[in-house]
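Everything below concerns the one structure shown next.
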Amino acid sequence: MDLTEKLSILASSAKYDASCASSGSQGKGTSFGARTPSGVCHSWTEDGRCISLLKVLYSNVCRYDCAYCVNRASADVKRTSFTPDELVEITSQFYRRNYIEGLFLSSGIFSDSDIVMEKLIETAKKLRKESGFGGYIHMKLIPGTGEKMIREAGLWADRLSANIELPTDKSLQNLAPEKSGRVILGAMEETFNAGVENNEDRRKFNPGKRIIVPAFAPAGQSTQLIVGASPETDKTILNLTGALYRKYGLRRVYYSAYTPVGIPGGDGIPDSRLPGLDFSNNGIFSTPSLPNRAPKALLLREHRLYQADWLLRFYQFTPEEVLEQEENLDAALDPKTAWALRHLDFFPVEVNHASYNELLRVPGIGAKAGRRIIESRRSRSFDFESLRRLGVVLKRARHFITASGSFIDKPEDPIHIRRLLSGENVLQPELFEF
Ligand code: SF4
């Protein structure tokens with residue numbers, strides 16, 4: 001098989017991994033999440049830059065049989081593997097020609113975990129040392145890989161990720177029986193500990209330059225969770241997410257709406273271990289013809305989870321605040337507005353006196369606008385027009401704020417506000433303030 005065909009197969013096999021933000025996209029030529037057939041996808045960095053990555057598997061040969069995966073052992077798909085030299089060659093060429101700024105590298109489990117991990121590490125090491133590749137590398141941690149390999153991987157990759165895949169051990173046992181939550185969390189813990197120790201060593205040794213300690217996975221670690229392939233509620237998912245951020249310092253949890261993965265060229269019927277076609281709650285699967293796209297209701301659920309995730313990471317919400325009595329996020333409202341309507345006693349917030357944390361609770365005031373209000377308030381007071389100019393979305397905020405004691409218009413009852421604000425922010429990119 002020639003390299004072009006290998007690349008086509010192994011890039012296509014990698015596209016369902018969401019830990020690179022554009023996974024599973026259909027490549028319609030939009031700037032958000034566009035993919036080309038050759039496996040170049042776009043992803044967002046921490047500072048909001050859009051970068052292009054070559055997203056491939058080292059191999060799509062896999063011993064595991066995860067029901068949701070197109071590469072599962074029982075799937076009848078064409079199999080192939082790169083060698084480290086082949087992958088180094090392709091990546092270096094793409095990089096030199098400015099097609100890509102980085103590599104997203106994962107693999108099926110074609111042998112013992114440490115042997116697979118060794119191949120990924122060898123590829124990254126050759127790229128760095130022999131090809132002078134200075135681009136971004138996101139490397140997957142193969143389930144079951146040992147401490148030594150994790151510590152080695154972090155020396156060559158910018159980011160590491162161990163996919164948690166499903167929210168509970170029960171669902172893992174059902175859909176990915178060879179995987180274990182304990183093992184996956186163990187890899188996250190090891191990565192976290194290695195990062196903490198590396199930071200200490202770099203603080204200790206690097207300033208005087210007696211020894212230069214290289215950075216360990218400077219872009220931290222992330223994970224992916226599949227939504228809709230198992231019966232867990234949003235509450236279970238967000239509680240897990242909160243714990244992962246708290247305990248293992250993850251930079252990102254990526255949510256991936258379950259995409260029915262039929263066998264290309266086959267009958268399109270997914271693994272029978274997947275839940276049945278249930279249209280009633282949060283739209284599990286929407287069509288018996290099972291195109292390789294997540295149904296709309298699941299994409300909306302994924303979007304609401306991303307919004308809730310932002311509340312945890314940037315708006316100082318806890319999972320217990322985002323979902324209190326409810327088990328699932330409100331499909332019609334963004335989770336911050338849903339919280340505000342459940343806590344009308346907290347409002348109105350007076351923008352000229354409120355603390356930063358209080359401002360963050362207002363729908364329509366983002367973290368950036370909140371900071372600007374606090375900074376500018378030292379020398380001025382705000383009216384509604386100046387808030388609008390600062391970036392406050394008055395369409396939402398107007399129901400929850402006063403400026404020097406005045407409302408924009410008289411307070412509305414919650415049912416009316418809900419009606420006015422329902423359906424906002426549906427299926428837009430996750431990079432917004434709310
Ligand atoms: S381990 Fe599971 S998810 Fe990963 S490639 Fe193999 S079957 Fe797919």
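One-based numbering along the sequence shown. Just so you know, ligand 1 is whichever comes first in the structure, and atom 1 is the first atom listed for that ligand.
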Between Leu53 and Tyr136, is a side chain to side chain contact (heavy atoms under 4.5 Å, CB included) present by the stated rule, with each step listed? CA-CA 8 Å; Leu53 301 177; Tyr136 179 86; 3.8 Å; yes
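Inspection of the environment of atom 6 (Fe) of ligand 1 yields the following protein N, O or S atoms under 2.8 Å: Cys62 SG.
For Glu320, there are no salt bridge (Lys or Arg N to Asp or Glu O under 4.0 Å) partners at least two apart in sequence or on another chain. Taking the salt bridge (Lys or Arg N to Asp or Glu O under 4.0 Å) definition, one finds that Arg63 meets it with Asp112, sequence neighbours left out. Annotation: side-chain contact (heavy atoms from CB on, under 4.5 Å) contacts of Glu232 (sequence neighbours excluded): Pro167, Thr168, Ser171, Ser230, Thr236.
Considering only non-hydrogen protein atoms, atom 4 (Fe) of ligand 1 sits nearest to Lys179 NZ, 3.9 Å.
When only modelled atom types and interatomic distance are considered, Arg96 and Gln93 share no side-chain donor-acceptor pair under 3.5 Å.
Under the 6.0 Å cut-off for aromatic ring centres, Trp310 and Tyr315 do not qualify, their centroids lying 6.0 Å or more apart.
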